[in-house]
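Right, one structure below, let's go through it.
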Amino acid sequence: MRYSKLLIPTLKENPSEAEAISHKLMVRAGFVRQLAAGLYIYLPLGWRVIEKINRIIRQEMNTIGAQELSMPILHPAEIWQETGRWNEIGDEMFRLKDRGGRDMCLGMTHEEIVTWLASKEIRSYRELPQIWYQIQTKLRDEARPKSGVLRTREFIMKDSYSFDIDDDGLERSYRLHEGAYRNIFSRCGLKFYMVESDPGMMGGGMSHEFMAPSPAGEDEIALCDNCGYGANLEIAGSIPGIPQFPSCPQDPSERFEEVETPEKRTIEEVTSYLNLNPELFIKSIMVIGDDGPVLALVRGDQTLHEKKLKKIIGNFRSAHRDEVKELLGVEAGFIGPMGHKIRKVADNSLKQGVYVSGANKEGYHIKGVKPERDFKAEYSDIHIAKEWEGCPSCGKPLKVEKAIEVGNIFKLGTKYSIPLKANYLDEKGEEIPIVMGSYGIGPARIAASAIEQNHDENGIIWPASISPFDVHILPLNTKDPKTIEVAERLYGNLKTEGIEVLIDDRDERAGIKFKDADLIGIPYQIVIGEKNLKEGMVEVKDRRSRNVKKFKIEDLSAIISLCRT
RNA sequence: CGGGGCGUAGCGCAGCCCGGUAGCGCGCCUGCUUUGGGAGCAGGAUGCCGGAGGUUCAAAUCCUCUCGCCCCGACCA
């Protein structure tokens, strides 16, 4: 296509609202424009990238036997009420009424709708398994849209749903998706990990996320290079290192030592005051659950993992100052696990060792506290995994990386098929709920991740598979007839070969064309300048390596083969 | 929803404390020169200073309210 006819509004300066690299570059290079918070317009170049990604997704989904269909974005409330999610989901769902006053919503995802369809159309085990997918707009009233197209209120998602007769079938569909997803992300040129994740509001059983490592990512993942363990920090386990504990006095009367710690409340204050490492402290956090107060105990160097705790004690909130004082008679900075009957949940790492904890006495801490002996607690993993802690499966050190969630796969089981009565008849004529899976990919997140992982100071470096064009022709001086003639001939010939070509036919200076070409990031640039033309040559520049090769003008096949690699 | 920041020309910003009728760079338009890494000279156009109300002789500037956008946190299929 001709640059002069395309809408490619490049910007010399970074947009003020952008923070993430992919966001800055997508705006600067003329791929997207923001309409409002979390709402983006895809300009021609941006849309070409999304379409390239979608094509790869379609190919890989079709390969595993998935069938494409399309479901509405506007949904009647009743279906969401039947699964209970109408009430479970809060402000994140866009809700509206139609003219007849009926409650409606805009689809955040399509489990309800696809299950409704299955309940109507699937009769027999002979019709299973099925995989249905769509590439469809989703709407979520995000509390905080951010990072350009990474978190938006309206976005396109490839979502697929599997229907099987039993768990073994679901396992097969799940693995088929895993394979397809690995192919898709690899073909899109992404570095990624598949990690264990929290099923969250999807419910059901196992789930994994596909994570593209990037500093712009909102998620953190724990990874083990040794055994391949990988998990979102939302659920990642870890084996904390064991600190050197002080020896415990034999004489029971000398066990405890109350130490005065005036005005020292936080772990930092107390550790520096007593000159002890934070690992030798018990951090006590008072929360109020549905069944009353709970004291959560983690080691001083650890952070309480609220989601892990929630799985044990149910919903809770942190206790107010006066509640702490009422329950333990002392303010929060000096509370500890001893001498009261409040339910205690402690991190596993506290099972061994001797610690300092709050003394439940204003201005005092207590040394020599030995869990199990000195107080009883329920033990569980309730700390957030950290880099260098041990891998829960092999013990080797973990690393923690930020990552963008580009895809996920969930085993739903019968969570949706039961309430929506999506059943099939088995060989015996018995009615059995269909076993389902749900699988998502965000094409815009793939595009943003590709930029996050492939750019330099001059701009984007697209992986060839998802680049808006294959080749960018730069006729430097459009007033030189020879330049134009060669450029046009090359343009025509490459197009005939099925190569997607952008030709910068603008009457602009060479510098501007070079800068825009590097910013836009098409993997190969064919530079047509008068000096080389005199020798019958053109240059082909590799955007990533910046290597330049000269070719004879007639040597089209060599140019083509270079650009196709 | 809590905390912070910012709304002034198409874009990036200054001016605001200390009120006096709006400025810089880039871009845009015209002409000439230039033409291998965001050209030079000359001329030109462009603003409801986010919105509403108030104070004042006078408001981009001070006060109140409101809307929008960004960042941190909470939340997040």
Side-chain angles (χ1 to χ4, degrees), chain A residues 9-20 23-24 27-28 30 33-39 80 83 85 88-94 105-114 136 138-148 150-153 155 157-161 197-204 207 209 216 218-219 232 234 306-307 310 317-318 405 407-410 412 415-416 438-442 445 457-459 474-480 483 504 506-519 525 527-534 538-539 541 546 548:
Chain A
T10 59
L11 265 28
K12 197 176 281 188
E13 288 167 288
N14 275 321
S16 61
E17 73 270 20
E19 198 77 10
H23 186 194
K24 288 179 184 166
V27 174
R28 270 194 65 202
R33 283 295 181 266
Q34 187 185 63
L35 174 66
L39 296 174
W80 286 81
T83 61
R85 291 210 290 184
E88 276 168 37
I89 297 170
D91 292 337
E92 208 175 323
M93 179 146 52
F94 281 107
C105 66
L106 301 177
M108 324 178 37
T109 175
H110 281 78
E111 280 79 18
E112 275 77 2
I113 309 306
V114 83
Q136 179 64 287
K138 311 285 183 215
L139 290 119
R140 292 179 195 173
D141 196 357
E142 288 288 349
R144 185 147 95 85
K146 57 185 282 199
S147 306
L150 282 177
R151 187 161 214 87
T152 54
R153 295 192 290 178
F155 58 98
M157 178 164 131
K158 186 290 300 177
D159 49 321
S160 51
Y161 306 90
S197 67
D198 183 357
M201 89 169 185
M202 298 293 294
S207 70
E209 289 168 338
E218 299 182 90
D219 287 281
N232 193 310
E234 286 175 351
E306 298 194 357
K307 279 194 176 165
K310 195 167 166 180
R317 58 168 174 84
S318 51
E405 180 187 353
N408 52 35
I409 54 179
F410 293 95
L412 298 175
K415 171 168 174 162
Y416 298 91
S438 161
Y439 317 86
I441 289 182
R445 286 186 172 185
E457 69 279 10
N458 295 317
L474 305 180
L476 294 186
N477 182 2
T478 47
K479 294 206 172 67
D480 175 48
T483 298
D504 193 345
R506 294 176 301 169
D507 179 19
E508 289 287 0
R509 302 171 60 82
I512 289 179
K513 294 189 178 190
F514 285 130
K515 288 289 183 191
D516 278 338
D518 285 351
L519 183 59
Q525 299 168 7
V527 180
I528 299 169
E530 289 172 273
K531 285 172 203 157
N532 282 311
L533 277 184
K534 283 184 184 130
V538 297
E539 286 171 10
K541 181 180 148 189
R546 306 176 196 193
V548 173

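Just so it is clear, the model here is predicted, and its values are computed rather than measured. Chain identifiers are assigned alphabetically (A, B, ...) following the order of the sequence lines, protein sequences preceding nucleic acid strands; residue numbering begins at 1 within each chain.
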Practice item. Go through the structure and list residues passing side-chain contact (heavy atoms from CB on, under 4.5 Å) with Glu306(A), not counting sequence neighbours. Key: Phe316(A)

Point to revise | Gap in Å between the two P atoms, one belonging to G7(B) and one to C63(B), rounded | key: 15 Å

Practice item. With the side chain of Lys146(A) defined as its heavy atoms from C-beta on, choose the nearest nucleotide among C72(B), A74(B), G12(B). Key: C72(B)

Review point. With rounding to whole Å, what would you report as the distance between A9(B) and A45(B) at their C1' atoms?
Key: 11 Å

Practice item. With P as the reference atom in both, quote the distance from C32(B) to G68(B) in angstrom, rounded to an integer. Key: 50 Å

Exercise for review: For nucleotides 27-38 of chain B, just jot down a letter per nucleotide in 5' to 3' order: B, S or -, based on protein non-hydrogen atoms under 4.0 Å.
Suggested key: S------BBBBB

Review point. Taking side chain as C-beta onward, heavy atoms only, is Lys479(A) less than 4.5 Å from Asp507(A)?
Key: yes

Check your understanding: Within the modelled atom types, does a donor on one side and an acceptor on the other bring the side chain of Glu17(A) and the base of G5(B) under 3.5 Å apart?
Key -> no

Exercise for review: Could you check which nucleotide pairs with G36(B) in any of the strands shown, counting Watson-Crick or G-U wobble with both distances under 3.5 Å?
Suggested key: none

Review point. On RNA chain B, nearest-nucleotide positions of Leu35(A) versus Asn14(A): which is more 5'?
Key: Asn14(A)

Point to revise | Gap between atoms CD and P, on Glu142(A) and C71(B) respectively (whole Å) | key: 13 Å

Practice item. Report the base-pairing partner of C18(B) (Watson-Crick or G-U wobble, both distances below 3.5 angstrom), or none. Key: none

Review point. If pairing requires Watson-Crick or G-U wobble contacts with both distances under 3.5 Å, which nucleotide is the partner of C65(B)?
Key: G51(B)

Review point. Who is the Watson-Crick or G-U wobble partner of A9(B), with both distances under 3.5 Å?
Key: none

Exercise for review: With sequence neighbours left out, write down each residue that passes side-chain contact (heavy atoms from CB on, under 4.5 Å) with Ala216(A), or none if nothing qualifies.
Suggested key: Ala20(A), Leu150(A), Ser214(A), Glu452(A)

Exercise for review: Answer with base, sugar-phosphate or nothing: what part of the nucleic acid does Ser147(A) contact at a heavy-atom distance below 4.0 Å?
Suggested key: sugar-phosphate

Exercise for review: Would you classify Ala36(A) as touching base, sugar-phosphate or nothing, given that sugar-phosphate means primed atoms plus P, OP1 and OP2, and contacts are heavy atoms under 4.0 Å?
Suggested key: sugar-phosphate

Exercise for review: Would you mind classifying the nucleic acid contact of Glu218(A) as base, sugar-phosphate or nothing, using non-hydrogen atoms under 4.0 angstrom?
Suggested key: nothing

Check your understanding: So what does Asn408(A) touch, heavy atoms closer than 4.0 Å: a base, only the sugar-phosphate, or nothing?
Key -> base

Practice item. Could I get the full list of ring pair (Phe, Tyr, Trp, His ring centres under 6.0 Å) partners for Tyr439(A), not counting sequence neighbours? Key: His177(A)

Practice item. Mind checking salt bridge (Lys or Arg N to Asp or Glu O under 4.0 Å) for Arg153(A) and listing every partner two or more places apart, or none if nothing turns up? Key: Asp141(A)

Practice item. Using the C1' atom as the reference point in each nucleotide, state the distance between G44(B) and G54(B) in Å, no decimals. Key: 40 Å

Exercise for review: Measure the distance from CD on Glu13(A) to P on G10(B) and round it to the nearest whole Å.
Suggested key: 15 Å

Check your understanding: Is Ala37(A) touching bases, backbone alone, or none of the nucleic acid, heavy atoms closer than 4.0 Å?
Key -> sugar-phosphate

Review point. If you measure from the P atom in C11(B) to the same atom in G27(B), how many Å do you get, rounded?
Key: 15 Å

Check your understanding: According to a strict under-4.0 Å criterion, is Ser16(A) in side-chain N/O contact with OP1 or OP2 of C6(B)?
Key -> no

**Study point:** Partner set under salt bridge (Lys or Arg N to Asp or Glu O under 4.0 Å) for Arg506(A), not counting sequence neighbours
**Key:** Asp504(A), Asp516(A)

Point to revise | Watson-Crick or G-U counterpart of U56(B), or none if no pair lies under 3.5 Å | key: none

Practice item. Provide the distance between the two C1' atoms, one in G15(B) and one in U61(B), to the nearest whole Å. Key: 9 Å

Study note, to complete from the structure: Paired to A74(B) by Watson-Crick or G-U wobble criteria (both distances under 3.5 Å) is none

Exercise for review: Give the C-alpha distance, both sets of side-chain angles, the deciding distance and a yes or no for side chain to side chain contact (heavy atoms under 4.5 Å, CB included) between Ile409(A) and Glu209(A).
Suggested key: CA-CA 6 Å; Ile409(A) 54 179; Glu209(A) 289 168 338; over 6 Å; no

Check your understanding: Is any side-chain heavy atom of Asp518(A) less than 4.5 Å from a side-chain heavy atom of Lys541(A)?
Key -> yes

Practice item. Figure out the CZ/P separation between Arg317(A) and C75(B), and round it to whole Å. Key: 15 Å

Practice item. Determine the Euclidean distance between corresponding C1' atoms of C48(B) and A59(B); express it in Å to zero decimal places. Key: 14 Å

Exercise for review: Quickly work out the Lys307(A) NZ to A74(B) P distance and round it to whole Å.
Suggested key: 10 Å

Check your understanding: Can you tell me how far P in G19(B) sits from the matching atom in C28(B), rounded to whole Å?
Key -> 40 Å

Review point. Mind checking whether Lys146(A) and Glu218(A) have side chains closer than 4.5 Å, heavy atoms only?
Key: yes

Review point. Hey, is the side chain of Arg144(A) poking within less than 4.0 Å of OP1 or OP2 on A74(B), counting only N and O atoms?
Key: no

**Study point:** Complement of U46(B), any strand, by Watson-Crick or G-U distances under 3.5 angstrom
**Key:** none

